[in-house]
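Take a look at the structure below.
Side chains included, hydrogens not; waters and symmetry mates left out as well; all remaining heavy atoms used.
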Amino acid sequence: MYIKKSKLFAKFMTITMIMALMLLSACAGNNKHQDRENATDKNPIKIVSNSGNDQAKNKDYSDEELVKKLPGFKNGTKKVNGITIHYVEGGKGEPLFLLPGWPETWYAFHKIMPALAEKYHVYSVDYRGMGSSDKPESGYDKKTMASDIYALVKKLGYEKINLAGHDIGAPVAYAYAAMYPQATKKLAMMDASHPNDNFLKIPILPPPGVYDVDNPDRAKFYWWFAFNTIPELPEQLLQGKQLDIAYNWLFDYLAYEKGAITKEERAIYIAAYAKPGALRAGNNWYRAFRQDIEDLKTYKNLSVPVLGIGGVSGYKNLDLFLHAHATDLKLVKLDKCGHWIAEENPQETIKLFKEFFS
């Protein structure tokens, strides 16, 4: 009897263990499924990230392919100051040089280039460190970068040009006009000033409301001014998906409305900054800000005509700077427009440029 009971008990325990294992397995499967659902809910930026590096892997975003989108334009390169500068040119008339900003390339002006080419010979330039231009170890102060543009202008056979810059391109354009007024007909600066003493007063902690995503008219907090200056760290952190996530956040944060920079445009820019040396070079534009502030003190105020165009958050700083550093000035604030002026409001940009540069 004892043996029979033992056998029955053993069978009972075996069945119980099997049922317990089956139950644990089912629970684990449900937990994994729930974890995936929670991750999707808590990390919606994964959806956005598909517009960057993943898309770039499957498409050709070379300059040769991109320029095909702009009939009448072509790629060009020149070696100046020991580096190769890439640009895209097209149109006829007086020369108009366009200098884009971070984190973009010459393609930032693709929406306005065809219309401007009806009246001007347009050059959209990848300056030192950008896009397909060389990315040397040094020379990222705006004074040196402006000297690159001046050398490029001379090599292309021009004595005097019209010049427009956006974001980082704006201080490069300002430095050009300040150093070479005889080679500058008119200057336009878009949503950014030259680095100046006010940059040293930017707080380390964000003011209230700057991250209120429900308010498109909110002021912006430029935390990346500090982040990009840290030696090597941004280049180490922003790899693969992390670059995708960070830049997608930036494109939305600085726009008046999310999605102002399209998925394809994001992919084009992210692919450019994923290239070897590109992050280092782009961050070096910021690492040179201290030198830029000192160089500004050596320039005379601009005497050439200046047009300042600002979006809802960038206008104030541009207004303060240009009133202190330019004498022949026109300022325009674009309502319901963020930082990406030529892409968010191309028609108004074209209109303003044609009126000003005529």
Side-chain angles (χ1 to χ4, degrees), residues 63 66-67 70 72-81 83-102 104-134 139 142-192 194 285 302 304-309 326 341-343 346 349-350 352-358:
D63 295 317
L66 291 177
V67 81
L70 302 174
F73 283 84
K74 62 181 181 180
N75 287 291
T77 59
K78 295 289 182 187
K79 190 148 191 175
V80 298
N81 294 347
I83 63 171
T84 298
I85 295 290
H86 167 260
Y87 55 88
V88 172
E89 65 169 309
K92 294 180 179 180
E94 290 188 2
L96 172 57
F97 281 68
L98 307 176
L99 306 182
W102 176 89
E104 298 185 302
T105 66
W106 71 266
Y107 195 71
F109 296 109
H110 70 283
K111 290 183 179 179
I112 68 173
M113 289 165 67
L116 293 176
E118 296 170 3
K119 193 172 183 179
Y120 308 99
H121 193 143
V122 177
Y123 293 85
S124 189
V125 183
D126 284 333
Y127 41 71
R128 179 184 293 247
M130 176 177 280
S132 296
S133 291
D134 283 350
K142 309 313 167 287
K143 191 172 188 177
T144 298
M145 293 169 70
S147 73
D148 294 340
I149 303 303
Y150 180 68
L152 174 64
V153 167
K154 300 295 284 185
K155 203 152 196 176
L156 289 168
Y158 297 114
E159 293 296 325
K160 204 167 189 175
I161 64 166
N162 294 302
L163 184 61
H166 172 250
D167 190 81
I168 293 292
V172 177
Y174 179 91
Y176 179 101
M179 293 193 296
Y180 313 109
Q182 77 286 354
T184 310
K185 184 179 179 183
K186 293 182 179 180
L187 167 69
M189 297 179 68
M190 305 168 71
D191 217 54
H194 189 284
W285 300 328
L302 297 185
V304 302
V306 179
L307 169 67
I309 308 174
I341 290 172
E343 288 152 302
T349 305
I350 292 166
L352 289 169
F353 275 17
K354 284 187 173 181
E355 290 173 353
F356 176 69
F357 290 118
S358 62

| request: Would you sort out whether Ile309 and Phe356 count as a side-chain contact (heavy atoms from CB on, under 4.5 Å), showing the intermediate values? | output: CA-CA 11 Å; Ile309 308 174; Phe356 176 69; over 6 Å; no
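- You'll find the side chain of Leu302 stays beyond 4.5 Å of the side chain of Pro181, heavy atoms only.
- Between atom CZ of residue Phe109 and atom CD1 of residue Ile350 there is a gap of 12.0 Å, rounded to the nearest 0.5 Å.
- Once rounded to the nearest 0.5 Å, the distance linking CD1 of Ile85 with CG of Asp148 reads 5.0 Å.
- Once rounded to the nearest 0.5 Å, the distance linking CG of Asn81 with OG1 of Thr144 reads 8.5 Å.
- Rounding to the nearest 0.5 Å gives a distance of 8.5 Å between CE of Met190 and CG of Leu307.
- Tyr107 contributes no side-chain N or O that, together with a main-chain N or O of Val67, makes up a donor-acceptor pair within less than 3.5 Å.
- With hydrogens and angles disregarded, no donor-acceptor distance shorter than 3.5 Å links the side chain of Ser133 to the backbone of Arg128.
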| message | Please determine whether side-chain contact (heavy atoms from CB on, under 4.5 Å) holds for the pair His86 and Lys78, giving the CA-CA distance in whole Å, both sets of side-chain angles, and the decisive distance to 0.1 Å. | response | CA-CA 7 Å; His86 167 260; Lys78 295 289 182 187; over 6 Å; no
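- Annotation for Met130 and Glu104: closest pair CE-O, 3.3 Å, computed over non-hydrogen atoms.
- Aromatic rings from Trp106 and Phe73 are positioned such that their centres are separated by 6.0 Å or more.
- With salt bridges taken as basic N to acidic carboxylate O contacts below 4.0 Å, none links Lys92 and Glu118.
- Under 3.5 Å, the side chains of His166 and Asp191 contain no donor-acceptor pair of N or O atoms.
- Taking every heavy atom of both residues into account, Ala117 and Gly90 meet most closely at CB-O, 3.9 Å.
- Tyr123 has its side chain within reach of Leu156: a pair of non-hydrogen atoms, C-beta onward, lies under 4.5 Å apart.
- Between the Asp134 side chain and the Thr84 main chain, a donor and an acceptor come within less than 3.5 Å of each other.
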| Stepwise side-chain contact (heavy atoms from CB on, under 4.5 Å) check, Val153 with Tyr176 | CA-CA 11 Å; Val153 167; Tyr176 179 101; 3.8 Å; yes
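- Ile161 and Pro95 get closest at one heavy-atom pair: CG2-CG, 3.8 Å.
- Distance alone, capped at 3.5 Å, is enough to place a donor-acceptor pair between the Lys186 side chain and the Ser358 backbone.
- Separation of atoms CZ (Phe97) and CG (Asn162) is listed at 10.0 Å; rounding is to 0.5 Å.
- Ring geometry for Tyr158 against His121 counts as perpendicular: the plane angle is over 60°, on a 0 to 90° scale with 30° as the lower cut.
- When all heavy atoms are compared, the tightest approach of Val306 to Ala326 is CG2-CB, 4.0 Å.
- Nearest heavy-atom pair across Ala173 and Leu187 is CB-CD1, 3.5 Å.
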| request: Kindly indicate, with the supporting measurements, whether the criterion side-chain contact (heavy atoms from CB on, under 4.5 Å) is fulfilled by Phe357 and Lys119. | output: CA-CA 10 Å; Phe357 290 118; Lys119 193 172 183 179; over 6 Å; no
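- Here the OG atom belonging to Ser147 is positioned 12.0 Å from the NZ atom belonging to Lys142, to the nearest 0.5 angstrom.
- A donor-acceptor contact shorter than 3.5 Å links the side chain of Lys155 to the backbone of Lys79.
- Under the side-chain contact (heavy atoms from CB on, under 4.5 Å) rule, Val88 has a single partner from His110, Lys74, Met113, which is Met113.
- The heavy-atom pair separating Ala342 from Ile112 by the smallest distance is O-CG2, 3.8 Å.
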